[in-house]
Amino acid sequence: MASPASPPMKVLWLARLEYRFHAWREKRARARGRRATVAAFPGYGSTQWVRVLGRVLIPPKDKRRERGDYAGVRGWRSFASVPVAHATVTVTVNGVPHEVTADRGGVIDAVLPATLPPGWQTVTMRVEEAEPVEARVFVVGDDIRFGIISDVDDTVMVTALPRPFVAAWNSFVLNEHARQPVPGMAVLLERLARENPGSPVLYLSTGAWNVAPTLVRFQRRHLFPMGAMLLTDWGPTHDRWFRSGKLHKQESLRRLADEFPDIDWLLIGDDGQHDDEIYTQFTIQHPEQVAAVAIRRLTPAEAVLAGGRTAVDDHSAAGVPWVTGDDGAELLERLTDVDIVRDVPPSS
């Protein structure tokens with residue numbers, strides 16, 4: 001009989017079943033001659049290390065992919081891909097190869113030593129006999145003191161769906177052409193990035209890694225500044241039926257605070273999930289590392305679909321500017337009022 005501290009046996013059983021199911025799918029795919037490849041995601045780092053992100057998978061046969069055309073691919077194709085568990089991946093950084101191991105979901109998340117100049121840099125990833133795949137990493141300079149962390153659903157991208165259906169609809173059905181940006185958010189983030197050259201932009205979401213390629217294309221299509229995607233994975237863990245999106249955000253923020261102790265972060269989110277609570281907690285714990293918090297207010301219809309608005313905490317003890325607005329334009333105005341954005345746009 002399991003002790004009270006032991007993971008529920010049903011959860012462990014489900015996790016093992018998921019692993020065996022993907023192993024069976026991988027075996028069938030390889031028997032049909034399909035090969036593993038790497039889907040590389042934008043990463044980040046400092047001048048001494050880089051965090052590389054990606055996923056090893058066997059993609060479904062697709063003529064558009066064979067032509068190198070990834071535009072318009074719906075999210076369900078990412079879920080139809082077979083994740084390759086515990087694959088060995090060779091990551092080459094500045095000419096130096098490193099071997100890393102993907103997790104049981106095929107996700108690559110590794111910190112590697114590197115000496116690179118600030119800005120966007122290119123590394124390569126290779127699995128088995130496949131061609132190397134290029135990945136971009138944003139290297140933060142030692143003199144940078146400001147960074148931007150933004151939520152995605154209902155902050156960058158209009159969701160307008162009941163919260164339980166958001167992940168499934170966005171992942172399986174829509175492509176980036178059907179997704180709509182929150183008005184003014186691209187302008188706000190681009191303005192912030194332009195006024196603070198060299199500052200990192202990170203998109204922190206509870207979305208699954210499967211949707212990362214679609215989100216990258218969405219960014220490009222709607223002119224959002226490029227940045228690393230900090231996503232999570234679906235499915236059971238050793239002690240939970242599903243991974244906790246709230247915990248994922250909390251741990252990611254703590255990690256960034258440790259990795260960049262000299263950076264003050266602008267935290268951007270909405271009032272339909274746990275962003276207000278998460279940002280409040282982080283600000284209290286790390287007041288010296290928060291430049292400001294900007295919360296987008298959902299429309300009444302969006303709030304109903306999101307299950308209501310979160311209770312607004314008392315931010316008076318936080319000691320940092322805390323602004324709200326209905327869209328990117330109003331948040332830009334409020335951030336200008338508290339001197340996070342300059343009054344006069346910089347000349348081009």
Polar side-chain atom of [X] near backbone of [Y] as donor-acceptor pair, under 3.5 Å:
X: His248; Y: Ser205; result: yes
X: Arg126; Y: Ala130; result: yes
X: Arg296; Y: Gly328; result: no
X: Asn196; Y: Gly147; result: no

Please list all pairs meeting side chain to side chain donor-acceptor pair (under 3.5 Å) that have one or both residues in residues 141-150, counting only residues at least two apart or in different chains.
Thr47-Asp142
Between [Y] and [X], is there a side-chain heavy-atom distance shorter than 4.5 Å?
X: Met229; Y: Gln219; result: yes
X: Ile148; Y: Val201; result: yes
X: Arg254; Y: Gln250; result: yes
X: Val293; Y: Thr283; result: yes
X: Asp103; Y: Asp109; result: no
X: Leu253; Y: Tyr279; result: yes
X: Glu190; Y: Leu223; result: no
X: Leu53; Y: Leu230; result: yes

If every non-hydrogen atom of [X] is compared with every non-hydrogen atom of [Y], which pair is closest and at what distance?
X: Pro83; Y: Arg55; result: CB-NH2, 3.7 Å
X: Arg51; Y: Val137; result: O-CG1, 4.1 Å
X: Ala87; Y: Val56; result: CB-CG1, 3.8 Å
X: Pro42; Y: Gly227; result: CB-O, 3.6 Å
X: Thr90; Y: Pro97; result: CG2-CB, 4.0 Å
X: Met185; Y: Ile268; result: CE-CG2, 3.9 Å

Are [X] and [Y] connected in the hydrophobic side-chain network, where two residues link if heavy atoms are under 4.5 Å apart?
X: Val96; Y: Ile108; value: no
X: Val187; Y: Met157; value: no
X: Ile263; Y: Phe282; value: yes

Yes or no on side-chain contact (heavy atoms from CB on, under 4.5 Å) for Asp276 and Trp322, after CA distance, side-chain angles and deciding distance?
CA-CA 10 Å; Asp276 191 279; Trp322 203 289; 3.8 Å; yes
Between [atom1] of [X] and [atom2] of [Y], what distance do you get to the nearest 0.5 Å?
X: Ile284; Y: Thr280; atom1: CD1; atom2: OG1; value: 6.5 Å
X: Leu215; Y: Tyr203; atom1: CG; atom2: OH; value: 10.5 Å
X: Leu192; Y: Arg342; atom1: CG; atom2: CZ; value: 10.5 Å
X: Thr155; Y: Asp270; atom1: OG1; atom2: CG; value: 3.5 Å
X: Thr232; Y: Leu204; atom1: OG1; atom2: CG; value: 10.0 Å
X: Phe260; Y: Trp265; atom1: CZ; atom2: CH2; value: 6.0 Å

Ion pair present between Asp275 and Lys249, side-chain N to carboxylate O less than 4.0 angstrom?
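So Asp275 pairs with Lys249 through a salt bridge.
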Val156 and Val182: side-chain contact (heavy atoms from CB on, under 4.5 Å), yes or no, with the steps?
CA-CA 5 Å; Val156 164; Val182 171; 5.8 Å; no
Step-by-step side-chain contact (heavy atoms from CB on, under 4.5 Å) determination, Arg104 to His86
CA-CA 6 Å; Arg104 69 182 183 88; His86 310 306; 3.8 Å; yes
When the ring planes of Trp120 and Phe138 are compared, do they come out parallel, tilted or perpendicular, using 30° and 60° as the limits?
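It falls in the perpendicular class, over 60°.
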Hey, would you say the Trp209 and Phe41 ring centroids sit under 6.0 Å apart?
yes
Output side-chain donor-acceptor pairs under 3.5 Å for residues 330-337, partner residues at least two apart or in another chain, one line each.
| from | atom 1 | to | atom 2 | distance (Å) |
| --- | --- | --- | --- | --- |
| Glu330 | OE1 | Asp326 | N | 3.2 |
| Glu330 | OE2 | Arg297 | NH2 | 3.1 |
| Arg334 | NE | Asp337 | OD2 | 3.3 |
| Arg334 | NH2 | Asp337 | OD2 | 3.3 |
| Thr336 | OG1 | Leu332 | O | 2.7 |

Counting only heavy atoms from other residues, nucleotides and ligands, does the tally under 6.0 Å from CD of Glu129 exceed 12?
no
Phe224: partners by ring pair (Phe, Tyr, Trp, His ring centres under 6.0 Å), with sequence neighbours left out
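Checked Phe224 against ring pair (Phe, Tyr, Trp, His ring centres under 6.0 Å); matches are Phe218.
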